[in-house]
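Worksheet: the structure to be examined is printed underneath.
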Amino acid sequence: GWYTAESGGTQVKATDTVSITSDIILYARWVHNHPICAGSSCSDGSHGNVEWAKWNGEDDITYTNNVAYVYLTTDATNGRQITVNNGYTLYLCLNGKTLTGSAGYTIENNGTLVICDCSEEKTGKVVNTCEGLAAAVYNFGSFTLYSGTLESTGSESGNRAPSGLYNYSVATICGGTIKSTNGYGITADFSNNVTTMTGGTVTGKQIAFYMGEPGTFTMTGGTLTSTSSHGI
């Protein structure tokens with residue numbers, strides 16, 4: 001609708017009676033609606049009538065009541081770690097763009113990160129370039145991937161291989177791609193980790209899915225591939 005400010009302000013509705021004594025500026029604002037991201041088999045119910053904010057991949061993200069909905073507006077390089085804090089929930093639409101960095105995302109114990117890519121091409125990526133024990137996403141909380149790509153491009157260092165996703169807690173893969181050029185697609189490496197895969201593709205040069213501590217892996221769809229070693 002029409003508002004008295006770019007953000008915040010007051011909405012001016014067709015039914016309002018307005019007395020104008022001088023020129024004013026009204027701002028048109030749109031709701032950034034999302035389609036189903038991963039086909040008919042898996043949809044994100046959070047993609048309702050929510051106003052999603054633009055994000056350039058570098059600025060701090062603004063949360064309202066500990067929740068933020070943002071979509072990437074440009075390819076970006078971010079050298080600092082992006083953390084979803086305890087009790088916070090971040091919905092990130094990659095929007096066909098690539099976010100490249102050497103630190104990745106960290107989801108704290110009670111944090112939640114949901115990633116999708118609602119562009120037509122679905123070419124959006126989160127890329128981590130760091131070598132050794134590295135990942136595009138480190139999950140100690142709750143992580144869901146509907147579409148888009150998590151990718152680690154770094155090399156193995158000191159017997160430590162990078163992963164697309166390090167899952168220490170609860171992860172759900174509904175679609176999209178997780179891959180590591182030289183390491184593991186997903187590493188589940190903490191006691192009682194839970195990984196559920198209903199779609200998508202996980203690829204690692206060494207191992208697609210590696211469980212290093214007792215946990216649970218449930219796979220009802222999708223693909224695991226390794227270019228040199230094992231699927232699981």
Can you name the closest pair of heavy atoms from [X] and [Y] and give their distance?
{"X": "Thr195", "Y": "Ala188", "value": "OG1-CB, 4.3 Å"}
{"X": "Gly183", "Y": "Ala161", "value": "CA-CB, 3.9 Å"}
{"X": "Gly231", "Y": "Ala208", "value": "O-CB, 3.1 Å"}

Scan for side-chain hydrogen bond (donor to acceptor under 3.5 Å, both in side chains) pairs involving residues 216-232, sequence neighbours excluded, and state none if there are none.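 Applying side-chain hydrogen bond (donor to acceptor under 3.5 Å, both in side chains) to every pair that reaches into residues 216-232, excluding sequence neighbours, yields Thr203-Thr225.
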Hydrophobic cluster membership, with links at side-chain heavy-atom distances under 4.5 Å among I/L/V/M/F/W/Y: are [X] and [Y] in one?
{"X": "Trp2", "Y": "Ile24", "answer": "yes"}
{"X": "Ile173", "Y": "Ile207", "answer": "no"}
{"X": "Ile232", "Y": "Val194", "answer": "no"}
{"X": "Phe140", "Y": "Val137", "answer": "no"}
{"X": "Leu145", "Y": "Tyr168", "answer": "no"}

Only distances under 3.5 Å count here; give the side-chain donor-acceptor pairs of residues 56-63 to other protein atoms, sequence neighbours excluded, each with its distance to 0.1 Å.
unit_1	atom_1	unit_2	atom_2	d
Asn56	OD1	Glu58	N	2.9
Asn56	OD1	Asp59	N	2.9
Asn56	ND2	Asp59	OD2	3.0
Asp60	OD1	Arg80	NH1	3.4
Asp60	OD1	Arg80	NH2	3.2

Side chains of Asn167 and Asn139: donor-acceptor distance under 3.5 Å anywhere?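 On atom types as modelled, these side chains qualify, holding a pair under 3.5 Å.
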How about [X] and [Y]: do any of their side-chain heavy atoms sit closer than 4.5 Å?
{"X": "Val18", "Y": "Val12", "result": "yes"}
{"X": "Thr177", "Y": "Leu150", "result": "no"}
{"X": "Gln206", "Y": "Glu156", "result": "yes"}
{"X": "Leu99", "Y": "Trp55", "result": "yes"}
{"X": "Asn193", "Y": "Met211", "result": "yes"}
{"X": "Thr89", "Y": "Asn66", "result": "no"}
{"X": "Thr144", "Y": "Leu113", "result": "no"}

Spell out, as yes or no, whether a donor-acceptor pair under 3.5 Å connects the side chain of [X] to the backbone of [Y].
{"X": "Asn182", "Y": "Gly154", "result": "yes"}
{"X": "Asn110", "Y": "Gly87", "result": "no"}
{"X": "Asn95", "Y": "Ser119", "result": "no"}
{"X": "Ser169", "Y": "Gly141", "result": "yes"}
{"X": "Asn86", "Y": "Asn109", "result": "yes"}
{"X": "Asp117", "Y": "Thr123", "result": "yes"}

Which is it for Leu94 and Leu92 under the side-chain contact (heavy atoms from CB on, under 4.5 Å) test, yes or no, and what are the steps along the way? CA-CA 6 Å; Leu94 298 176; Leu92 169 63; 3.9 Å; yes
Does Lys97 have any salt bridge (Lys or Arg N to Asp or Glu O under 4.0 Å) partners at least two apart in sequence or in another chain, and if so, which?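 Counting only residues at least two positions away or on another chain, Lys97 forms no salt bridge (Lys or Arg N to Asp or Glu O under 4.0 Å).
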Any residue meeting salt bridge (Lys or Arg N to Asp or Glu O under 4.0 Å) with Asp16, in chain and number order, not counting sequence neighbours: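 For Asp16 there are no salt bridge (Lys or Arg N to Asp or Glu O under 4.0 Å) partners, ignoring immediate neighbours.
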Distance, nearest 0.5 Å, that separates [atom1] of [X] from [atom2] of [Y]:
{"X": "Ser180", "Y": "Asn128", "atom1": "OG", "atom2": "CG", "result": "9.5 Å"}
{"X": "Phe217", "Y": "Met197", "atom1": "CZ", "atom2": "CE", "result": "6.0 Å"}
{"X": "Leu133", "Y": "Thr187", "atom1": "CG", "atom2": "OG1", "result": "8.0 Å"}

Does anything in residues 97-119 pair up under ring pair (Phe, Tyr, Trp, His ring centres under 6.0 Å), and if so which pairs, sequence neighbours excluded?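 Listed by first then second residue: nothing to list.
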Restricting to pairs with a member in residues 175-200, which pass ring pair (Phe, Tyr, Trp, His ring centres under 6.0 Å), not counting sequence neighbours?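 For residues 175-200, and leaving out neighbouring residues, the ring pair (Phe, Tyr, Trp, His ring centres under 6.0 Å) pairs sorted by first residue read Tyr184-Tyr210.
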Run the side chain to side chain donor-acceptor pair (under 3.5 Å) check on Thr83 and Asn85 step by step: do they pass? CA-CA 6 Å; Thr83 300; Asn85 293 322; 5.2 Å; no
Dump the intermediate steps for side-chain contact (heavy atoms from CB on, under 4.5 Å) on Val127 and Thr153, then the final yes or no. CA-CA 7 Å; Val127 180; Thr153 61; 3.8 Å; yes
Partners of Thr196 by side-chain hydrogen bond (donor to acceptor under 3.5 Å, both in side chains), sequence neighbours excluded?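 side-chain hydrogen bond (donor to acceptor under 3.5 Å, both in side chains) list for Thr196, sorted by chain: empty.
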Considering residues, nucleotides and ligands other than Glu6, do more than 12 of their heavy atoms fall under 6.0 Å from its CD?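 12 or below, so no.
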A quick test of your reading: do over 12 heavy atoms of other residues, nucleotides or ligands sit less than 6.0 Å from CD1 of Ile25?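 It does not: Ile25 CD1 has 12 such atoms or fewer within range.
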For Glu108 and Tyr88: C-alpha separation, side-chain torsions, deciding distance, then whether side-chain contact (heavy atoms from CB on, under 4.5 Å) applies. CA-CA 9 Å; Glu108 293 188 344; Tyr88 283 72; over 6 Å; no
Is there any salt bridge (charged side-chain N to carboxylate O under 4.0 Å, His left out) pair reaching into residues 125-143, and which pairs are they, with sequence neighbours excluded?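 For residues 125-143, and leaving out neighbouring residues, the salt bridge (charged side-chain N to carboxylate O under 4.0 Å, His left out) pairs sorted by first residue read Lys125-Glu151.
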Could you note down all residue pairs passing salt bridge (charged side-chain N to carboxylate O under 4.0 Å, His left out) where residues 176-203 supplies at least one of them, sequence neighbours left out?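 Sorted result for residues 176-203: empty, none.
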With respect to Phe143, which candidate in Ile115, Thr172, Val170 satisfies the side chain to side chain contact (heavy atoms under 4.5 Å, CB included) definition?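 That would be Ile115; it is the only one of Ile115, Thr172, Val170 passing the side chain to side chain contact (heavy atoms under 4.5 Å, CB included) with Phe143.
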Got a sec, which residues hit side-chain contact (heavy atoms from CB on, under 4.5 Å) with Ala14, two or more places apart in sequence or on another chain?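 Ala14 satisfies side-chain contact (heavy atoms from CB on, under 4.5 Å) with no residue once adjacent residues are dropped.
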If the condition is ring-ring contact (aromatic ring centres under 6.0 Å, His included), which residues does Tyr27 pass it with, not counting sequence neighbours?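 Applying ring-ring contact (aromatic ring centres under 6.0 Å, His included) to Tyr27 gives none.
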My understanding is that only residues two or more places apart in sequence, or in another chain, count here; which of them pass ring-ring contact (aromatic ring centres under 6.0 Å, His included) with Tyr138?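 For Tyr138 the ring-ring contact (aromatic ring centres under 6.0 Å, His included) partners, ignoring immediate neighbours, are Tyr166.
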Applying side-chain contact (heavy atoms from CB on, under 4.5 Å), run through Ser152 and Ser163 and close with a yes or a no. CA-CA 6 Å; Ser152 283; Ser163 300; 5.5 Å; no
